[in-house]
2 protein chains.
Amino acid sequence: MWDMNHMIQGHQLIALKWRKSELGKWRWLLLSSVMISITIYLVPSLQIFGSIGAVSAGLDLGKEGPLVHIGACISSLLAQGGPDNHRVKWKWMRYFNNDRDRRDLITCGSSAGVCAAFRAPVGGVLFALEEVATWWRSALLWRTFFSTAIVVVVLRASIEYCNTGKCGLFGKGGLIMFDVSDVSVYYHLLDVVPVVVIGVIGGLLGSLYNHLLHKVLILYNLINQKGRICKMLLSLSVALFTSVCLYFLPFLAKCSPCDPDLLGTICPSTGRTGNFKQFNCPPGYYNDLASLLHTSNDDAVRNLFSTSTPNEYHPTSLLIHFGLYCILGLFTFGIAVPSGLFLPIILMGASYGRLLGICAAPYTKIDQGLYAVLGAAALMAGSMRMTVSLCVIFLELTNNLLLLPITMIVLLIAKTVGDCFNPSIYEIILELKGLPFLEAHPEPWMRNLTVGELADAKSPVVTLCGVEKVARIVEVLRNTTHNGFPVVDQGVTPPIGAPGCATELHGLILRAHLVAALKKKWFSSEKRRTEEWEVREKFTSVDLAERGMTIEEVIVTKDEMELYMDLHPLTNTTPYTVVESMSVAKAMVLFRQVPPVIGILTRQDLRASNILTAFPHLEETERKRK
Amino acid sequence: MWDMNHMIQGHQLIALKWRKSELGKWRWLLLSSVMISITIYLVPSLQIFGSIGAVSAGLDLGKEGPLVHIGACISSLLAQGGPDNHRVKWKWMRYFNNDRDRRDLITCGSSAGVCAAFRAPVGGVLFALEEVATWWRSALLWRTFFSTAIVVVVLRASIEYCNTGKCGLFGKGGLIMFDVSDVSVYYHLLDVVPVVVIGVIGGLLGSLYNHLLHKVLILYNLINQKGRICKMLLSLSVALFTSVCLYFLPFLAKCSPCDPDLLGTICPSTGRTGNFKQFNCPPGYYNDLASLLHTSNDDAVRNLFSTSTPNEYHPTSLLIHFGLYCILGLFTFGIAVPSGLFLPIILMGASYGRLLGICAAPYTKIDQGLYAVLGAAALMAGSMRMTVSLCVIFLELTNNLLLLPITMIVLLIAKTVGDCFNPSIYEIILELKGLPFLEAHPEPWMRNLTVGELADAKSPVVTLCGVEKVARIVEVLRNTTHNGFPVVDQGVTPPIGAPGCATELHGLILRAHLVAALKKKWFSSEKRRTEEWEVREKFTSVDLAERGMTIEEVIVTKDEMELYMDLHPLTNTTPYTVVESMSVAKAMVLFRQVPPVIGILTRQDLRASNILTAFPHLEETERKRK
């Protein structure tokens with residue numbers, strides 16, 4: 001997801017590394033806590049500026065999307081040392097201005113976002129592990145863990161502070177969002193049948209949802225490209241459709257009499273949130289569909305998950321709810337509103353699970369509220385294809401440890417069924433957006449293609465000499481978009497009279513370093529190698545670690561164009577190299593595991609779709625195989 | 001931990017790969033479930049043969065050690081296709097007989113073991129992720145998840161079946177071992193102080209424990225090396241000491257009167273497990289130390305974790321318990337008995353936490369049982385230095401989600417404090433056993449050492465020619481212990497009259513493949529390259545994938561010694577290579593991430609201690625830096 005801007009990392013300066021290892025952990029602790037506190041305090045402001053319309057319109061949207069986004073944005077900002085365009089740079093933050101730290105911080109930020117959205121600290125860490133990071137280190141594990149710990153402590157403190165009603169509805173419901181721990185779970189061997197059915201149908205529905213959402217998103221992309229007015233009209237019409245459905249559909253449901261035990265106390269509920277909305281019904285009666293639709297999404301989920309209420313909802317009401325949220329879930333994601341996918345899928349899955357629970361009621365002992373939980377888990381796994389993180393998120397959402405074994409089985413079945421049909425929803429969206437996120441597994445046909453063939457199929461490599469003319473450097477930087485260039489040098493025994501420079505690879509130089517050197521006007525009039533101490537005087541590690549300058553910002557005069565620049569000191573002499581005959585599959589594993597990038601191949605080149613563009617015949621073979 | 005036997009993986013055959021990707025997931029699902037079911041049903045037999053003495057002697061031992069070991073052993077056996085020495089090989093299991101699948105299976109097995117020991121499925125997965133695996137793939141994540149799901153379902157089914165008392169005490173206590181969910185957790189800002197204190201002291205005690213255990217284990221190694229009788233005497237004396245302490249120490253404690261509300265019903269408890277043992281006390285009184293010592297370790301933990309019992313234990317009794325288990329915890333691990341570390345540390349930590357809770361009682365609202373939980377978590381983190389997996393294991397052990405934020409803070413503080421002093425207990429034990437487990441982080445001084453220098457410091461490389469005499473191959477195999485040999489070949493333009501073969505690297509050949517080829521007597525009388533189809537006729541992929549043959553088992557006659565062997569078809573032509581000037585730190589990251597091993601360097605060579613042997617001056621620099 002966040003790999004886009006980090007095509008090439010290259011070597012990190014030893015000086016910088018040392019300084020970092022001295023500062024060590026404490027720096028991280030401090031930074032993370034600052035970051036997370038900001039995240040938490042920004043949440044209300046986002047809700048005001050970004051999602052206020054969406055939420056109050058009752059749109060079918062999750063809040064984890066915007067929160068993850070905020071977390072990642074803040075971390076990215078911090079890692080750049082403050083917002084770039086205003087030049088508000090914090091001096092001590094400059095140490096993080098390198099690709100690795102920025103990537104780590106963004107991972108921390110997104111796990112903090114998930115944690116804030118679901119109050120699920122461990123689930124947030126595992127979400128970042130399973131879905132976000134391509135490259136995982138054990139240090140990152142406990143750094144994300146620290147971020148989510150801070151989030152949850154701040155959250156808990158705020159809930160404690162707001163307990164007295166100082167902050168409106170904030171903190172109502174406590175740390176556990178959809179608590180179903182009040183019911184004990186007893187199950188027998190026979191209960192395996194409905195559990196397997198839930199899993200299989202969840203997998204099928206999930207992959208169908210992925211398929212349809214893909215089509216809808218393509219359609220929306222076409223509409224959104226037509227201009228801002230189209231974009232707004234689309235959002236408005238979805239919002240209008242949602243409001244109309246939410247208000248008028250409950251008229252279709254019949255009124256149900258309140259349970260005599262609850263009559264007057266909690267049924268019907270008027271003027272507050274609750275299970276039994278009166279709406280158009282006479283006193284003593286409630287409208288079950290209105291209880292689900294005339295409320296916030298969170299409360300709707302709570303109502304569906306509510307246990308020991310076997311006769312509260314009519315099957316027809318649940319069917320209408322399920323159908324409505326299938327349509328809304330497909331058409332709401334993708335409009336120009338900050339949105340997440342978790343809550344829509346949970347709503348869909350919960351109503352489908354509860355429906356199944358009603359059907360299975362004569363044969364099973366499991367509560368219908370738990371069926372709703374299982375249905376939600378199944379649809380999530382069928383669409384998002386996560387296992388461990390979903391399992392922990394559901395555990396932290398529902399606080400029912402005894403449900404864990406069944407949840408695990410449902411998740412595994414739904415994921416396996418879904419994987420038979422299409423990739424996960426995140427992969428589909430990533431591909432639609434064209435982000436170069438390397439898949440975890442190489443495709444089978446990649447084994448029969450060598451790296452050499454792939455490199456040949458690309459445009460020829462642009463190389464620089466060890467001591468290069470400034471004019472050529474500027475030309476190369478202006479005319480290409482590569483992020484790194486191989487530096488070639490004369491071999492051990494220089495061939496006398498050979499034109500240009502020979503072809504022994506000296507190393508890899510980064511665009512950013514070239515631009516920095518040009519800006520510092522680090523030229524010499526003769527074609528000679530410079531000493532290392534000269535470089536050290538000229539450049540501090542902080543100068544080189546900084547990113548974001550473009551070649552267009554650097555002005556080089558005509559006289560300077562004729563001078564020379566020694567690239568040796570700035571070159572990373574130890575790039576990762578692979579032999580030409582290595583299969584693409586094997587190289588891809590290397591790329592996925594080791595963050596930086598080698599000479600000529602970039603992460604982009606290893607993406608399946610890009611390879612298939614270069615080798616069209618492979619695609620045909622692939623299709624035949626299927 | 002399990003990396004020892006997998007020094008070199010090398011290339012996996014394309015044919016085998018294809019077959020695997022066809023079988024795909026289903027094979028895995030099937031295999032894992034078979035494996036896990038066996039694990040579960042073998043547990044009783046282990047307990048009979050291995051731990052029966054230890055458990056009934058009341059030794060201070062955890063059971064996760066033996067269970068992880070069993071899980072790993074069974075997986076390793078399955079991956080070899082059955083026990084080797086009896087030649088009971090299952091045909092269809094041969095597909096797993098390669099290093100990667102074996103490693104994956106062993107990871108699954110160990111997570112299944114943790115899951116079975118603590119009934120913590122997600123904790124088991126994360127334990128394997130954080131502590132066991134050096135190389136982690138997303139596919140592995142959900143495979144281990146599947147294993148633990150099967151374990152927990154089988155466990156749950158057995159508990160259901162045994163509920164009626166058919167299997168003795170098995171299944172008592174249900175799926176949650178130390179349930180403290182009955183108490184609600186309220187805490188205020190002031191409660192941060194005792195929580196921080198618990199964390200800091202936990203970290204200090206944990207690292208002190210690591211330090212002392214290291215010394216004790218060195219001493220025990222010396223004793224155990226003296227022969228079996230010494231080994232047995234050591235175990236016997238520890239067992240005797242434990243029994244004497246457990247029986248006689250309760251005489252030191254005073255008798256306490258039973259709470260009038262509980263009198264007669266659950267206090268004093270005679271003839272059953274429970275909180276209030278009568279022991280030497282008059283009727284209506286109980287001995288609190290006896291309640292902790294005259295019971296199984298599990299029950300002792302349950303008693304310490306028990307909530308809403310603020311006055312049950314005298315501080316002096318807890319102090320005696322803490323001191324005793326500190327001594328036992330140090331001297332029991334390492335005797336010749338299958339043992340784990342979790343339970344001893346939990347016992348120590350729980351009594352220290354409860355002690356602290358009594359001290360902090362006037363200032364805090366948190367229940368003393370929860371203090372015991374936090375103390376146990378702090379000591380675990382201080383000694384084992386895990387974060388996420390410990391957090392989830394504690395969540396699954398205690399089923400109190402509201403405690404999670406405090407647990408996270410305590411774990412992080414204890415881990416940070418502990419890391420200031422020494423490495424984790426697992427790293428200490430690994431180093432004592434001399435297993436080549438690569439640390440997650442390169443040492444700082446590794447950045448200043450290049451791979452080339454490291455390779456120079458070793459003995460010269462043994463290379464083979466592309467077409468080599470049989471005599472030389474046999475000689476090399478007999479006189480070295482390397483697992484792989486670089487195959488060098490004539491360059492593109494062969495130098496006329498050059499002696500031997502030239503020095504262009506063709507690839508890497510594995511010892512196992514050489515031995516297999518020798519055994520198949522795949523010789524030719526002339527020095528020529530063979531065609532690929534000849535090889536394909538001779539060797540199936542399954543033949544080559546098999547391991548375990550040694551050169552001593554192969555008989556080569558004197559005539560055959562003079563023949564030639566073409567190594568080209570068996571050579572892996574795409575090993576990972578690094579440039580000579582790459583720093584050791586960077587190479588180590590590559591080695592840790594990519595499973596196979598390059599030409600000349602092995603995982604062994606990248607271990608800090610091995611490098612320090614080759615470069616003694618580095619150690620001095622390191623010491624000075626400290």
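Numbered from 1 within each chain, the chains take letters A, B, ... in sequence-line order. Values in this document were obtained by computation on a predicted structure and should not be read as measured data.
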Can you list the residues that meet the ring pair (Phe, Tyr, Trp, His ring centres under 6.0 Å) rule with B/Phe118, with sequence neighbours excluded?
B/Phe342

Separation between CE of A/Met386 and CZ of B/Phe145, rounded to the nearest 0.5 Å:
11.5 Å

Distance (rounded to the nearest 0.5 Å) between A/Ile150 CD1 and B/Met408 CE
9.5 Å

So which of B/Thr148, B/Val152, B/Val151 actually passes side chain to side chain contact (heavy atoms under 4.5 Å, CB included) with A/Pro405?
B/Val152

Tell me which one of B/Val392, B/Val122, B/Thr387 satisfies side chain to side chain contact (heavy atoms under 4.5 Å, CB included) with A/Val122.
B/Val392

Sort A/Leu404 into side chain, backbone, both or neither according to what part of it lies under 4.5 angstrom from a heavy atom of chain B.
side chain

Non-hydrogen side-chain atoms of [X] and [Y] separated by less than 4.5 Å:
X: A/Ile406; Y: B/Arg156; value: no
X: B/Trp142; Y: A/Val388; value: no
X: B/Leu126; Y: A/Leu126; value: yes

Does anything in residues 390-399 of chain A pair up under side chain to side chain donor-acceptor pair (under 3.5 Å), and if so which pairs, sequence neighbours excluded?
none

Pick one of side chain, backbone, both or neither for B/Leu395, based on which atoms fall under 4.5 Å of a heavy atom in chain A.
both

